*Asks:* 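Please see the structure below; I have some questions.
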There are 4 protein chains.
Amino acid sequence: MPPRPDVSEQRTAQIIEAAIAVFSEKGFDGATMDDIAGRIGINKATIYLYFDSKDALIRAIAEDIFARELTDLQSARDMPAAAAERLTAFYEALIDDDAELLPLMPILYEFYALGLRRDDVRAVLSGFIRRSAGLLEAIIRDGIASGEFAPTDARAAALALDALISGTTLHWVYAPDEVDINAQLRFAVRLVLRALASDDAGPGG
Amino acid sequence: MPPRPDVSEQRTAQIIEAAIAVFSEKGFDGATMDDIAGRIGINKATIYLYFDSKDALIRAIAEDIFARELTDLQSARDMPAAAAERLTAFYEALIDDDAELLPLMPILYEFYALGLRRDDVRAVLSGFIRRSAGLLEAIIRDGIASGEFAPTDARAAALALDALISGTTLHWVYAPDEVDINAQLRFAVRLVLRALASDDAGPGG
Amino acid sequence: MPPRPDVSEQRTAQIIEAAIAVFSEKGFDGATMDDIAGRIGINKATIYLYFDSKDALIRAIAEDIFARELTDLQSARDMPAAAAERLTAFYEALIDDDAELLPLMPILYEFYALGLRRDDVRAVLSGFIRRSAGLLEAIIRDGIASGEFAPTDARAAALALDALISGTTLHWVYAPDEVDINAQLRFAVRLVLRALASDDAGPGG
Amino acid sequence: MPPRPDVSEQRTAQIIEAAIAVFSEKGFDGATMDDIAGRIGINKATIYLYFDSKDALIRAIAEDIFARELTDLQSARDMPAAAAERLTAFYEALIDDDAELLPLMPILYEFYALGLRRDDVRAVLSGFIRRSAGLLEAIIRDGIASGEFAPTDARAAALALDALISGTTLHWVYAPDEVDINAQLRFAVRLVLRALASDDAGPGG
DNA sequence: GATGAATGAGGTTTCATTCAT
DNA sequence: TATGAATGAAACCTCATTCAT
């Protein structure tokens, strides 16, 4: 914690923002501290006043990004609406964020790759995935409780939905011409909803 | 006709194998040519007799790995069995390959990340994803033709299944304790099969 | 306004000086960045703060050296004296600079060789040669205008004089025992002066 | 001396020829043994059957090239003609060899540069320069003996002529548009001949 | 808080040279 | 005689990190 929190916090945020942009473009290793500093017109050394190391910066970014993503999911969960509607709302928010989300994809995969090698990053990612599925599960559980969905393995369904979403995003990124992301995500949700509505016993059965 | 058997192909394969192992462990950037050479007890410079550059080596690995993966899928497609059975067989092969597949995951995400920045890698990945979905689609289409599945958008279903598989693998890798990969994949297939069996119009509808 | 005086220019000059010495001794290819850095007790990487690459450094040296040489010639041209005197003064300065000039010879030939392969270096050399002959030509032209020399092809005479000087320098460097550089240069100038004084039509005739 | 001289000599010559071409194009350091071997379709290692090292090859080339040049000069000296004619014949042969000589210029300067650092090369070059001036001197001396030229310092005149020739060649190479090599060389010879014809005492006087 | 200057460590790539065949 | 394969040594260049100002 640097002495003057007001300025510091701004700078911290500014650096993180710049770093996200640069890392997205060049990858964690391809990007240099100079690239990041240059993007906001400060000196490379200044970054070290706010972050201990490049690794620490990367870790901070992981926390920042995944916290933001969770926020979206959380507000979907907390919407006063039927469960099916809330799930739909969630993926629609995802798509609408198109302009925001797409540029994050490179860094996302960068994190998936890095997390398998760095424990601190792995922890952040694991937590995110767990919580992400947890939020979807909560919505599904609400739907079951309210009788909107048939009783089923909410956890498995949540995992499947989450998997569908991230898998579809991958298609979107790597074969954009072939995938109508919007239709495909809608299809995915419907797929899961139908399973929930039926009496399927889920993977645990 | 040189007296000695052509050792080139063996060396090439040997280097690729070593490189896969090292890249998985340290990432493309973290791994050095020395690491790779050291792993098979040759000199760093020898690698350059077989690959023009580190980048070329990475690219060769991409082709190698994804070709192997496709082979598995292809043999599933070509099995003389009902479509549902063939889909099931495919993901079961995936799981059985556990010991082979799991160590490849880091490199896979490494490729996903890199592909968004390097065109040659991107081309290999795009092709893989496209062909992968194409093979699943073929099986599904067979099922529809044989009356095993209800008429539906085979492409969308294939994409969904493919997405489910890669998304589930991600869970598996990052939250292994929470995910029974076997059950979860079975669940995924059943999910899609049910959609196929019904009269749902798919994402295009 | 940084508190410290701008040390950049000094460093730049220091590096160029060291590089000239090292390049003279070992040739462009034989010399390493480490050699150069070591000579002034700095780290190799520091050189890269001032020059983009070894090639850029070499190019900077070309500009530096040839600019210096031209300065000498220019001051000879601008002397308030008869043309013949000014020409004589020039080669005498050349000889007096003995201690400075001789060590530069290796690097000069290095440049002659390199310039035939590298366009940026070639441009510097071409310009130098052109301007060098141009300055001599100006002096000769003055002499003709003042009636000191007979009307003749001033350009051809200048080129001949320039050629004589560089050719003689070559002898000097490679057969120092056999050539009295001082006498030989004086002879060369006299040779040209006599041609100028006569009514010879020059090479164009 | 390899066992079978017939094949060996051919190979040796073939390698030298290839090396001259490659060295001219890329410089001594820029050229690799592979470049040279590749140019005649042999294996790099084969060169080592004929030359001990790259340095030895370079030295052999120096001897080869300068011997050839001297041959031209020698035949000019031995022509049954007046001295003035023989000098003229010499520079004319030089110009006619245009197509042969011009491509050798890069390697020539390469040698001038290298000779200042490598004793074996320096010895070859020194000898060449000395002998070259010696041949010109012989012709001039003949001219003096026959009364064709006025008595003068033949050595100084020869050196001046030699210097003029090599200096002019430099202009030619670096400012080809500005120099009519043919006219300029003729001018140079005339310049010297006039000096010889007169009663000038030369530099030694 | 900020930076210009510097560096140590290291990575990719190149290549003359060797040697078993 | 010829070569495919291999390598040790080294060079250029980069960059995260430090520190005096």
Side-chain angles (χ1 to χ4, degrees), chain A residues 2-4 6-8 10-11 29-37 41-58, chain B residues 2-8 10-11 29-37 41-57, chain C residues 1-8 10-11 29-37 41-57, chain D residues 2-4 6-8 10-11 29-37 41-57:
Chain A
R4 282 185 288 172
D6 44 341
V7 178
S8 284
Q10 276 177 227
R11 258 289 135 87
D29 282 280
T32 72
M33 298 302 264
D34 245 343
D35 288 335
I36 297 167
I42 64 173
N43 188 280
K44 176 169 52 170
T46 303
I47 297 179
Y48 286 87
L49 298 176
Y50 297 88
F51 298 93
D52 282 344
S53 65
K54 195 183 183 184
D55 279 356
L57 175 56
I58 287 174
Chain B
R4 291 166 294 175
D6 191 3
V7 88
S8 289
Q10 287 174 48
R11 262 277 186 265
D29 282 281
T32 74
M33 297 304 264
D34 241 346
D35 290 335
I36 297 168
I42 64 174
N43 187 282
K44 182 168 46 174
T46 302
I47 297 180
Y48 286 89
L49 295 179
Y50 298 88
F51 298 93
D52 282 343
S53 63
K54 195 182 183 183
D55 278 357
L57 175 57
Chain C
M1 283 158 279
R4 290 166 295 174
D6 190 3
V7 87
S8 289
Q10 286 173 49
R11 262 276 187 267
D29 282 280
T32 75
M33 297 302 265
D34 242 344
D35 289 334
I36 297 168
I42 64 173
N43 187 282
K44 179 171 46 177
T46 302
I47 297 180
Y48 286 91
L49 295 179
Y50 297 87
F51 298 93
D52 282 343
S53 63
K54 194 182 183 182
D55 278 357
L57 175 57
Chain D
R4 280 185 291 170
D6 45 339
V7 178
S8 285
Q10 274 177 228
R11 258 289 135 90
D29 282 280
T32 72
M33 296 303 264
D34 246 343
D35 289 334
I36 297 167
I42 64 173
N43 188 281
K44 176 169 51 170
T46 303
I47 297 179
Y48 285 88
L49 297 176
Y50 297 88
F51 298 93
D52 281 345
S53 64
K54 195 183 182 184
D55 278 356
L57 175 56

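Naming convention: chains lettered A, B, ... in sequence-line order (proteins, then strands); numbering from 1 in each chain. Worth knowing before you read on, the calculation uses all heavy atoms, side chains too, and leaves out hydrogens, waters and symmetry mates. In this text, all values refer to a predicted model and were calculated from it rather than measured experimentally.
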*Asks:* Given E:dA6, is OP1 or OP2 found less than 4.0 Å from the side-chain N or O atoms of C:N43?
*Replies:* no
*Asks:* Phosphate oxygens OP1/OP2 of F:dA6: is one of them under 4.0 Å from a side-chain N or O of B:R11?
*Replies:* yes
*Asks:* Could you please name the option among F:dT17, E:dT7, F:dC12 that lies closest to any side-chain atom of C:I42?
*Replies:* E:dT7
*Asks:* Without swapping roles, check the side chain of B:K54 against the backbone of B:A31 for a donor-acceptor pair under 3.5 Å.
*Replies:* yes
*Asks:* So if I take every side-chain heavy atom of C:K54 and compare against E:dT13, F:dC12, F:dT18, which nucleotide ends up nearest?
*Replies:* F:dC12
*Asks:* Looking only at side-chain atoms of C:L49, point me to the closest of F:dA6, E:dT7, F:dG4.
*Replies:* E:dT7
*Asks:* Under the side chain to side chain contact (heavy atoms under 4.5 Å, CB included) test, which residues partner D:N43, sequence neighbours left out?
*Replies:* D:A45, D:T46
*Asks:* Let's test your reading of the pairing rules: Watson-Crick or G-U wobble, both distances under 3.5 Å, then write DNA chain F as a dot-bracket string with ( ), [ ], | and dots.
*Replies:* .||||||||||||||||||||
*Asks:* Which of these nucleotides, F:dC12, F:dG8, E:dT13, is closest to any side-chain atom of C:T32?
*Replies:* F:dC12
*Asks:* Using a 4.0 Å heavy-atom cut-off, does C:Y50 contact any base of the nucleic acid, only the sugar-phosphate backbone, or nothing at all?
*Replies:* sugar-phosphate
*Asks:* Quick one: does A:L49's side chain get under 4.5 Å of A:R11's, heavy atoms only?
*Replies:* no
*Asks:* Toward the 5' end of DNA chain F, which comes first, C:D29 or A:G30, by nearest nucleotide?
*Replies:* C:D29
*Asks:* Within the modelled atom types, does a donor on one side and an acceptor on the other bring the side chain of D:K44 and the base of E:dT17 under 3.5 Å apart?
*Replies:* yes
*Asks:* Base, sugar-phosphate, or nothing: which does B:A31 touch, judged by heavy atoms less than 4.0 Å apart?
*Replies:* sugar-phosphate
*Asks:* Would one find a side-chain N or O of A:Y48 under 4.0 angstrom from OP1 or OP2 of E:dT3?
*Replies:* no
*Asks:* Nearest of F:dC12, F:dT7, F:dA2 to any side-chain atom of B:T46?
*Replies:* F:dT7
